[in-house]
Amino acid sequence: MEAPVLKTHGCGTLRAEHAGQSVTLAGWVHRRRDHGQLIFIDLRDRDGLVQVVVRPNEQPDAYAAANDVRGEYVLRIVGSVVERSEATRNPNLATGDVEVIARSVEVLNEAKTPPFSVIEDDDVNELVRMQYRYIDLRRSSMLEALELRHRLNQYIRDFMTGREFLEVETPILVAATPEGARDYVVPSRLTPGAFYALPQAPQQFKQLLMVAGVERYFQIARCFRDEDLRADRQPEFVQLDLEWSFCEEEDILNLLEELFAGAAATLRPDLTVPRPFPRLSWHEAMERFGSDKPDLRYGLELSDCSDIAEASSFGVFSSAVAGGGRVRGIVMPGGASLSRREVDAFTNLAKTMGAPGLVSLQFSAEPSDATEDDVRSPVLRHVGIDDARRIGERCGAASGDLVLLAAGESGMVSTVLDGIRRELARRLDLVDDSVMQFGFVTDFPLVEWDEDGRRWDALHHPFTAPQSEDAALLDSEPGNVRARAYDAICNGFELGSGSIRIHERDLQMQVFELLGIGAAEAQQRFGHMLNAFEYGAPPHGGFAFGIDRVAMLLAGTENIREVIAFPKTMSASDPMTGAPMPIADEQLDELHLRINPPANGQLR
RNA sequence: GGCCCCGUGGUGUAGCGGCCUAACACGCCACCCUGUCAAGGUGGAGACCGGCGGUUCGAAUCCGCUCGGGGUCGCCA
């Protein structure tokens, strides 16, 4: 690093080879140890820590200044690097072979006692951390997260540049899109009553860049979605957005595999990244794991017992199947020894995810030759020993195992068993933190039926191409049309998704129609896309993945806020700046806006 | 929108109906101390228990509402 005027060296950079040199350091007081006639100051800057020694006899002024110094004071120290004696070296410190004998100690700024420790990695209330984020970010784990993110961005830029992708910036003030996520909206002053939206993704622009002949585009793009937050979801986030002309699925998946594997190897060489990345179809993922983003680090696969249930005399089972639903199960190895109370805990978990309950079967013998005495279940007399045996065998249960079954609407059953599966993996300690298990999920359905809206909705987005062999089904059975769409997953998280796009006007119109967007509406809302398709649009496809999430996984945390410098709370607010906040009446007037208070009358 | 968890000195926790005019650790302040590096020693300050209301002779402890934080289902094309 080029030294600025006020310092010559980074604190953490000093080594034995610097011994004898005069240095000027500047940084924060990490710790101060006062021995009366000898004061040690651990001085911290971005490079790390070094011990500064201040003695009264040699430099009375420096000593006097050091006496008044407190934690987090900003100091400038002029002194000499000396090698420590053998007995006083500190092997736990990178700079532990040396120390700096201070000639002068200058207080550049004082500091109040921080609201929480910069030193300890305490579990401090996140609200407080966010209120004082500038202090929180001083903690080494947070600084490391910032550095990791920087290096990830750097890696991505180099990688994409090396493959001749062109970084192009797209607008932040864009047109609103009624589909998909709720838009963040910005009022227009020059066009009273009109609004911009903040982009949910640069989707249309990047496709238009393909029409423009850019061929290979990428952007580290800021995206906005006004939806409820989660541990892995923020209202504004950063994506690597890419689009590629004349490519097919294989090109993109291979590119992504190289990118993810390379980034992981560079940033976290200590982690294992199994290759090639497994690929499974959406259908397979849902059948085997009940999730389109399964954690592939462990098994615990699901089994379908719908046929057994259909013929069952147990009403819960038969009516579930009769009503168009399914009955599926998962095995907990060794779960037969769980108490009723422990099994009920799983049922309660299932209830939080929408299941009326769970059916449990605990086998104390091999299911194939289990008698009624070998199966413990609250509903054994309803299910009957024969079906219990069949279910146990179907699920692959062994003696000593617990089978948990969910019955009902297919989507709910998947949600519930996915949740149970994750919980079982935790309980059974099957989650290997040293592995980043990437994978691809392919062949997503093109559309799904929206029961509330009574219409077909694009699963990915309306520009996704259908698979050519399914194109004939677009009119007859749209629900069975597979899209040329794919997701990247890792350790149970969705990293991002992409697709081969439609580049022909007619097909695009056909899909719009399927989605209930008539010709007039399509022209009005997507006219620019349709027009562009008439001026030589190349075949193209692309992808976008969340950089925050990748950074989170590389950092080994399950909370996205830990890798975002200034994140928002669950209510999408920033306790430090107070955003969002009311604006002045003059501002409202200028924008021709009036506040319409909510029914409960509560305003900030 | 639903459900779950949490809210006690600066920080993290304990206390879960009277023993609490609230305890412990770290931090903070003062004094002592020339080799520590989670320094040490002695002494000290600091919360009325998120807010409001209720139950009770009595509440940090029970109940209701509310605010805030976290998690999750729905939502996130």
Side-chain angles (χ1 to χ4, degrees), chain A residues 30-42 49-58 63 70-72 84-85 87-93 95-96 99 112-132 135 177-183 200-201 203 223-235 237 348-355 411-412 415-416 418-419 422-423 444-448 450 452-453 455-464 483 485 494 497 499 511 515 517 546 558-559 561 568-571 573 575 600 602 604:
Chain A
H30 195 64
R31 275 201 180 88
R32 174 176 169 278
R33 291 178 294 280
D34 185 346
H35 289 237
Q37 293 301 298
L38 171 69
I39 297 175
F40 296 104
I41 292 171
D42 289 341
L49 288 181
V50 71
Q51 172 165 282
V52 175
V53 184
V54 192
R55 294 200 180 87
N57 308 341
E58 297 148 37
Y63 180 79
R70 293 294 179 269
E72 300 307 309
R84 297 199 202 181
S85 70
T88 61
R89 290 190 181 179
N90 183 353
N92 301 320
L93 203 60
T95 60
E99 59 193 11
K112 288 169 43 170
T113 302
F116 50 87
S117 173
V118 176
I119 299 163
E120 253 63 61
D121 236 359
D122 280 346
D123 224 358
V124 179
N125 182 332
E126 239 191 299
L127 179 62
V128 181
R129 289 176 57 198
M130 285 172 66
Q131 276 165 342
Y132 297 92
I135 293 171
T177 54
E179 279 95 13
R182 208 172 282 118
D183 282 319
Q200 298 175 28
Q203 183 61 35
C223 305
F224 307 84
R225 292 178 191 174
D226 186 6
E227 296 292 343
D228 286 0
L229 288 77
R230 289 286 186 282
D232 65 346
R233 209 200 285 169
Q234 283 273 304
F237 57 101
N348 290 333
L349 175 63
K351 284 179 180 168
T352 68
M353 293 180 290
M412 177 276 288
T415 302
V416 166
D418 174 41
R422 288 167 191 259
E423 175 60 19
F444 276 76
L446 184 72
V447 292
E448 65 183 342
D450 173 15
D452 296 336
R455 63 193 186 90
W456 293 102
D457 256 349
L459 202 73
H460 186 48
H461 56 56
F463 311 110
T464 303
E494 178 195 327
S497 53
S499 62
V511 169
L515 299 173
I517 302 170
E558 300 215 325
N559 188 328
R561 287 177 240 109
K568 303 234 173 356
T569 66
M570 284 271 164
S571 54
S573 62
N600 64 11
Q602 288 213 353
R604 263 307 146 85

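Proteins get letters first, then strands, A, B, ... in listed order; numbering begins at 1 in each. The structure presented is a predicted model; accordingly, all values stated were derived computationally and were not measured.
Side-chain nitrogen and oxygen atoms of T177(A) include none within less than 4.0 Å of the OP1 or OP2 phosphate oxygen of A77(B). One finds no side-chain N or O of T352(A) lying less than 4.0 angstrom from the OP1 or OP2 phosphate oxygen of G74(B). Between R32(A) and C37(B), a side-chain N or O to OP1/OP2 separation shorter than 4.0 Å is absent. Note on R84(A): every side-chain N or O is 4.0 Å or more away from OP1 and OP2 of U36(B). Regarding contacts with the backbone of G74(B), a side-chain N or O of T415(A) is found under 4.0 angstrom from either OP1 or OP2.
Distance D226(A) CG to A77(B) P: 13 Å, rounded to the nearest Å. Atom pair M130(A):CE and G7(B):P shows a separation of 20 Å (rounding to whole Å applied). Between the CG atom of L127(A) and the C1' atom of G69(B) there is a distance of 6 Å, rounded to whole Å. Taking atom CG on L349(A) and atom P on U72(B), their separation rounds to 12 Å, with Å as the unit.
On a pure distance criterion of 3.5 Å, a polar donor-acceptor pair joins the side chain of D228(A) and the base of G74(B). Between the base of U34(B) and the side chain of N57(A) there is a donor-acceptor pair shorter than 3.5 Å. Side chain R233(A) to base C75(B): a donor-acceptor pair is found below 3.5 Å. In terms of polar N and O atoms assigned as donor or acceptor, the side chain of R182(A) never comes within less than 3.5 Å of the base of G74(B) in a complementary pairing.
Within the 4.0 angstrom heavy-atom criterion, base atoms lie near P462(A). Residue R455(A) is out of contact with every strand shown, counting any heavy-atom pair closer than 4.0 Å. Base engagement by R33(A) is indicated by at least one non-hydrogen atom pair under 4.0 Å involving a base atom. Within the nucleic acid shown, D123(A) comes within 4.0 Å of sugar-phosphate atoms alone, with no base atom in reach, counting heavy atoms only. E99(A) comes within contact range of at least one nucleobase, with a heavy-atom separation under 4.0 Å. Contacts of N559(A) with the nucleic acid, taken as non-hydrogen atoms under 4.0 Å apart, involve only primed sugar atoms and P, OP1 or OP2.
In summary, D42(A) and R33(A) engage in a salt bridge, as defined by a charged side-chain N under 4.0 Å from a carboxylate O. At a threshold of 4.0 Å, the pair D457(A)-R455(A) counts as salt-bridged, since one of the basic side-chain nitrogens sits closer than that to a carboxylate oxygen.
For the residue pair V511(A) and P462(A), the shortest heavy atom distance occurs at CG1-O, 3.7 Å. Across all non-hydrogen atoms, the minimal contact from C223(A) to Q200(A) is CB-O, 3.3 Å.
Distance alone, capped at 3.5 Å, places no donor-acceptor pair between the R32(A) side chain and the R70(A) backbone.
In this structure, G40(B) and C32(B) make a Watson-Crick or G-U wobble pair, each of the two defining distances being under 3.5 angstrom. Base pairing annotation: A60(B) forms no Watson-Crick or G-U wobble pair, as no partner gives both donor-acceptor distances under 3.5 Å. With both pairing distances under 3.5 Å, G68(B) is matched to C6(B) as a Watson-Crick or G-U wobble pair.
Comparing the C1' positions of G74(B) and G18(B) gives a spacing of 46 Å, expressed to the nearest Å. The P atoms of G53(B) and G17(B) are separated by 24 Å, rounded to the nearest whole Å. Atom name P, nucleotides C49(B) and U11(B): the rounded distance is 16 Å, in whole Å. Taking atom C1' in both C19(B) and G2(B), one finds a spacing of 43 Å when rounded to whole Å. The gap from the C1' atom of U8(B) to that of G69(B) amounts to 16 Å, rounded to the nearest Å. Nucleotides A38(B) and C31(B) have their C1' atoms positioned 23 Å apart, rounded to a whole Å. When the C1' atom is used for both C75(B) and G1(B), the distance is 10 Å, rounded to whole Å.
Side-chain proximity of T88(A) to the nucleotides G74(B), A38(B), C37(B) is greatest for C37(B).
When the nearest nucleotides of RNA chain B are assigned to A201(A) and V124(A) by heavy-atom distance, the more 5′-ward of the two goes with V124(A). Place K568(A) and Q51(A) on RNA chain B by their nearest nucleotides, and Q51(A) ends up nearer the 5' end.
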Report all interatomic pairs (protein N or O, nucleotide N or O of nucleotides 23-29 of chain B) with separations under 3.5 Å.
residue, atom, partner, partner atom, Å
C29(B), OP1, R70(A), NE, 2.9

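The aromatic ring of H460(A) is not stacked on the base of A77(B), since the criterion of ring centres less than 5.5 Å apart with planes inclined by under 30° is not met. Stacking between F40(A) and U36(B) is shown: the ring centroid lies under 5.5 Å from the centre of the six-membered base ring, and the planes differ by under 30°.
Within the 4.5 Å cutoff, the side chain of L229(A) has heavy atoms near those of the Q234(A) side chain.
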